[in-house]
Amino acid sequence: MERLTNISTVRELLSRHGFTVSKALGQNFLINPSVCPRMADAAVTDENTGVLEIGPGIGVLTNELLKRAKKVVAVELDKRLIPVLGETLSEYDNLKVINADVMELDLNRLIAEEFPDMRVVVCANLPYYITSPILMKLLEERLPVETITVMVQKEAALRLCAAEGSRESSAITAAVRYYAEPQLLFHVSSGSFMPAPKVDSAVIRLTLREPECKPHDEKLFFRVIKAAFAQRRKTVLNSMASSLSLDKSELSGILESAGVSPTARAEKLTLNDFARISDAMEEAGICSGKQKNTGG
Ligand code: SAM
């Protein structure tokens with residue numbers, strides 16, 4: 001069904017299905033007609049592509065993805081939207097809708113079963129309440145996907161795509177950069193959605209690649225990153241010592257042996273610095289990635 005960006009069509013559709021939007025599920029539907037084609041073009045660059053979409057809503061982005069891709073699998077948590085999607089996307093035979101919480105799915109298995117012999121990408125207008133957990137799940141599970149093209153809140157986009165060493169960088173910036181090359185594609189105003197959220201948004205694309213550094217213990221590496229950024233105004237020594245309850249003089253020695261100044265701020269450290277710190281901590285046996293994470 002075309003015109004899913006027409007407000008009266010959408011209102012009529014939703015009222016016919018007795019549907020009211022759920023704020024808790026982050027339901028802000030795109031009504032700006034230029035956004036979905038741009039997102040779909042950025043995500044699907046050849047016909048032999050399988051797309052995993054998270055949160056299709058009423059299908060406005062799904063419609064554009066279906067026109068370009070070989071197959072789309074759309075995972076929607078809200079079961080009230082399943083009959084709506086059945087109506088809006090009835091013309092397509094290359095769509096599978098799964099009514100599930102994406103956080104609960106075995107995505108490696110889903111991709112292997114649904115997209116044999118296809119290049120696979122993820123594309124979504126993400127529910128904002130759960131942006132970081134979804135992105136970290138997609139990255140940490142090492143899915144065989146080439147790119148992740150997603151709409152997120154503008155602030156999150158700036159953090160996720162921040163340059164190494166910049167003020168905007170944070171623990172999630174470092175985590176994303178470990179797995180992927182991030183790129184901010186374009187900004188989207190809050191008026192492009194119904195209902196309009198309080199903040200503007202942006203579309204980013206993560207291009208997955210092999211990590212450039214190889215920490216011995218990946219869990220410890222991520223604990224170190226979280227601990228270093230936990231109190232980002234403090235020095236890396238003070239932030240890590242308080243987050244991980246470590247003795248400062250011992251930690252100071254570890255940082256120096258890893259070639260990192262204890263008085264540096266976390267935002268100034270590279271992924272290689274974090275890898276050397278976690279390797280030095282592992283060697284000194286003062287922390288283990290298997291311990292419970294106390295970092296922020
Ligand atoms: N793609 C549509 C659009 O652009 O208009 C809707 C995007 S809306 C921001 C987010 C969608 O994600 C909603 O349809 C919501 O029900 C769905 N959603 C929320 N949490 C989810 C979860 N854990 N798993 C799957 N879908 C979820």
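The first residue in the sequence is number 1, and the count goes up from there.
The salt bridge (charged side-chain N to carboxylate O under 4.0 Å, His left out) contacts involving residues 46-62 comprise Asp46-Arg119, where partners must be two or more places apart or lie in separate chains.
Of the possible polar contacts, one joining the Asn94 side chain to the Ala69 backbone as a donor-acceptor pair under 3.5 Å is found. Put simply, the side chain of Ser243 never gets that close to the backbone of Met240: no donor and acceptor are under 3.5 Å apart. The backbone N or O of Ala180 lies less than 3.5 Å from a partner atom in the side chain of Arg209, making a donor-acceptor pair. One N or O on the side chain of Ser239 and one on the backbone of Ala227 form a donor-acceptor pair closer than 3.5 Å. For Arg223 (side chain) and Leu244 (main-chain N/O), no donor-acceptor pair under 3.5 Å exists by modelled atom type. When atom types are taken as modelled, the side chain of Arg177 and the backbone of Leu271 share no donor-acceptor pair closer than 3.5 angstrom. Glu256 places no side-chain N or O within 3.5 Å of a backbone atom of Ser261 that could act as its donor or acceptor partner. Counting only distance, with no hydrogens or angles, the side chain of Asn108 and the backbone of Glu141 share a donor-acceptor pair below 3.5 Å. Proximity of a side-chain donor or acceptor of Thr173 to a complementary backbone N or O of Arg159 within less than 3.5 Å is detected.
Ring centers of Phe274 and Tyr178: at least 6.0 Å apart, outside the cut-off.
The aromatic rings of Phe29 and Phe19 lie tilted to each other, with the angle between the two planes from 30° to 60°.
Once rounded to the nearest 0.5 Å, the distance linking CZ of Arg38 with CZ of Phe186 reads 4.5 Å.
When only modelled atom types and interatomic distance are considered, Asn63 and Tyr92 share a side-chain donor-acceptor pair under 3.5 Å. In summary, the side chains of His17 and Glu87 do present a donor paired with an acceptor at a separation below 3.5 Å, with no hydrogens or angles considered.
Put simply, the side chain of Ile254 does not reach to within 4.5 Å of the side chain of Val260, judged on heavy atoms.
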